[in-house]
Novice: 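Below you will find the structure I want to go over with you.
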Amino acid sequence: MKLDLSFYRRDDVLQIGKDLLGKYLFTKINGEITGGMIVETESYMGAVDKAAHSYGNRRTERTEVMYQPGGVSYVFLCYGIHSLFNVITNEKDIPEAVLIRAVKPTHGIDTILRRRNKTKLQRNVAGGPGMLSQALGIDRNHDGLNLTGDTVWIEDLDVKISENDILRSPRVGVDYAQEDADNPWRYRIKGSEWTSPAK
DNA sequence: TGGCTGATGCGA
DNA sequence: CGCATCAGCCAA
């Protein structure tokens with residue numbers, strides 16, 4: 001069942017980051033449906049998080065979608081190469097987001113392998129935010145899309161992840177964020193071989 | 001361990 | 001405008 005807006009609009013981006021583990025991210029692009037189970041996320045606490053683009057309620061052309069009500073996508077280009085896919089959460093004007101970092105491919109495997117130019121299904125197909133976007137065909141054309149629509153959406157397929165199955169650790173690549181750099185807001189499914197490499 | 005790659009956002 | 005910066009990936 002597709003997650004509805006009430007899932008995204010809760011006032012707890014850390015909980016949403018954990019709740020997204022075990023959910024399924026789908027895209028339908030040029031008629032091809034691809035998807036996988038979310039195994040790794042990072043939460044960004046908006047205005048009070050120095051690692052977030054929206055720290056201090058900074059508003060720019062790029063961050064504007066973060067101020068929309070929860071339930072839309074936020075896709076931005078990182079290091080000039082990688083499209084990174086995020087989910088916007090909370091109510092209007094509260095710019096919080098969850099970065100989806102890794103999925104286990106489950107639907108449309110042939111298409112995913114073709115997009116990634118791989119022949120074998122393993123971690124390096126979608127185990128990292130840049131690879132994940134490429135695998136599912138996500139680019140900046142998919143910025144600001146409604147996640148209850150039929151291009152990019154997330155489903156609950158009744159996979160239950162308990163608190164004990166969740167690994168917490170500091171987020172990746174946010175050394176510049178000073179006191180927020182160490183917050184353990186990166187979540188992975190314990191024991192999954194599909195997450196980006198452990199540190 | 002570096003090189004690649006280019007939009008972004010800041011200051012001049 | 002210019003220019004430093006960046007929520008990564010891959011080959012070695």
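Chain naming here is simple, since letters A, B, ... match the order of the sequence lines and numbering starts at 1 in each. Remember, predicted model here, so these are calculated numbers, not experimental data.
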Novice: Excluding sequence neighbours, so at least two apart, what forms ring pair (Phe, Tyr, Trp, His ring centres under 6.0 Å) with His107(A)?
Specialist: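 For His107(A) the ring pair (Phe, Tyr, Trp, His ring centres under 6.0 Å) partners, ignoring immediate neighbours, are Phe26(A).
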Novice: Among all residues two or more places apart in sequence or in another chain, which pass the side-chain hydrogen bond (donor to acceptor under 3.5 Å, both in side chains) test with Asp139(A)?
Specialist: Asn141(A), His142(A)
Novice: Stems involving DNA chain C: give each as a range paired with a range, ordered by first number, where a stem means at least three consecutive Watson-Crick or G-U wobble pairs under 3.5 Å.
Specialist: B:1-4 with C:8-11, B:6-11 with C:1-6
Novice: Which residues satisfy the ring pair (Phe, Tyr, Trp, His ring centres under 6.0 Å) test with Trp194(A), sequence neighbours excluded?
Specialist: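 Ring pair (Phe, Tyr, Trp, His ring centres under 6.0 Å) check on Trp194(A) returns nothing, list empty.
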Novice: Centre of Tyr187(A)'s six-membered ring, under 6.0 Å away, within 45 degrees of the axis: is that where NZ or CZ of Arg168(A) sits?
Specialist: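 No.
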Novice: Can you see whether Tyr67(A) has Arg59(A) sitting over its ring - NZ or CZ less than 6.0 Å from the centre and within 45° of the normal?
Specialist: yes
Novice: Rounded to whole Å, how long is the line connecting atom CZ of Phe76(A) with atom C1' of dG8(C)?
Specialist: 11 Å
Novice: Donor-acceptor pairs under 3.5 Å, side chain of residues 93-104 of chain A to any protein atom, not counting sequence neighbours: which ones?
Specialist:
from      : atom 1 : to       : atom 2 : distance (Å)
Glu96(A)  : OE1    : Asn90(A) : ND2    : 3.0
Arg101(A) : NE     : Glu40(A) : OE2    : 2.8

Novice: Just the rounded figure in Å: distance from C1' of dA7(C) to CD of Glu42(A).
Specialist: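 Computing the Glu42(A):CD to dA7(C):C1' distance gives 6 Å.
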Novice: Just the atom pairs and distances: protein N or O near nucleotides 9-12 of chain C's N or O, under 3.5 Å.
Specialist:
from    : atom 1 : to        : atom 2 : distance (Å)
dC9(C)  : OP1    : Pro129(A) : N      : 3.4
dC9(C)  : OP1    : Gly130(A) : N      : 3.0
dC9(C)  : OP1    : Met131(A) : N      : 3.3
dC9(C)  : O4'    : His82(A)  : NE2    : 3.3
dC10(C) : OP1    : Arg116(A) : NH2    : 3.0

Novice: Looking at Tyr55(A), does the NZ or CZ of Arg58(A) lie under 6.0 angstrom from its six-membered ring centre and within 45 degrees of the ring axis?
Specialist: no
Novice: Identify all pairs in which a protein N or O lies below 3.5 Å from an N or O of nucleotides 1-4 of chain C, and state each distance.
Specialist:
none

Novice: What string of B, S and - do you get for nucleotides 2-12 of chain B 5' to 3' if you count protein non-hydrogen atoms under 4.0 Å?
Specialist: --BBBSSSS--
Novice: Rounded to the nearest angstrom, tell me the gap between atom NE2 in His53(A) and atom P in dT5(C).
Specialist: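 It is 15 Å, rounded to the nearest whole Å.
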Novice: According to side-chain hydrogen bond (donor to acceptor under 3.5 Å, both in side chains), does anything in residues 25-39 of chain A pair up with another residue at least two apart or in another chain? List the pairs.
Specialist: Thr27(A)-Thr34(A), Glu32(A)-Thr111(A), Glu32(A)-Arg114(A), Thr34(A)-Arg115(A)
Novice: Return the set of residues passing side-chain hydrogen bond (donor to acceptor under 3.5 Å, both in side chains) with Arg116(A) (not counting sequence neighbours), or none when no residue passes.
Specialist: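 So Arg116(A) forms a side-chain hydrogen bond (donor to acceptor under 3.5 Å, both in side chains) with Gln134(A).
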Novice: Can you check whether Asp180(A)'s main-chain N or O pairs, donor with acceptor, with Arg171(A)'s side chain at less than 3.5 Å?
Specialist: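 A pair under 3.5 Å: yes.
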Novice: Once you round it to whole Å, what is the distance between P of dA7(C) and CG of Leu99(A)?
Specialist: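 Distance, rounded to whole Å: 10 Å.
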Novice: Once ring pair (Phe, Tyr, Trp, His ring centres under 6.0 Å) is applied, do any residues pair with Tyr24(A), and if so which ones, sequence neighbours excluded?
Specialist: none
Novice: Do Ile88(A) and Tyr8(A) come within less than 4.5 Å of each other through their side chains, counting heavy atoms only?
Specialist: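 Answer no - side chains too far apart.
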Novice: Please set out all donor-acceptor pairs under 3.5 angstrom arising from side-chain atoms of residues 151-161 of chain A, sequence neighbours excluded.
Specialist:
from      : atom 1 : to        : atom 2 : distance (Å)
Trp153(A) : NE1    : Glu155(A) : OE2    : 2.9
Asp156(A) : OD1    : Asp158(A) : N      : 2.8

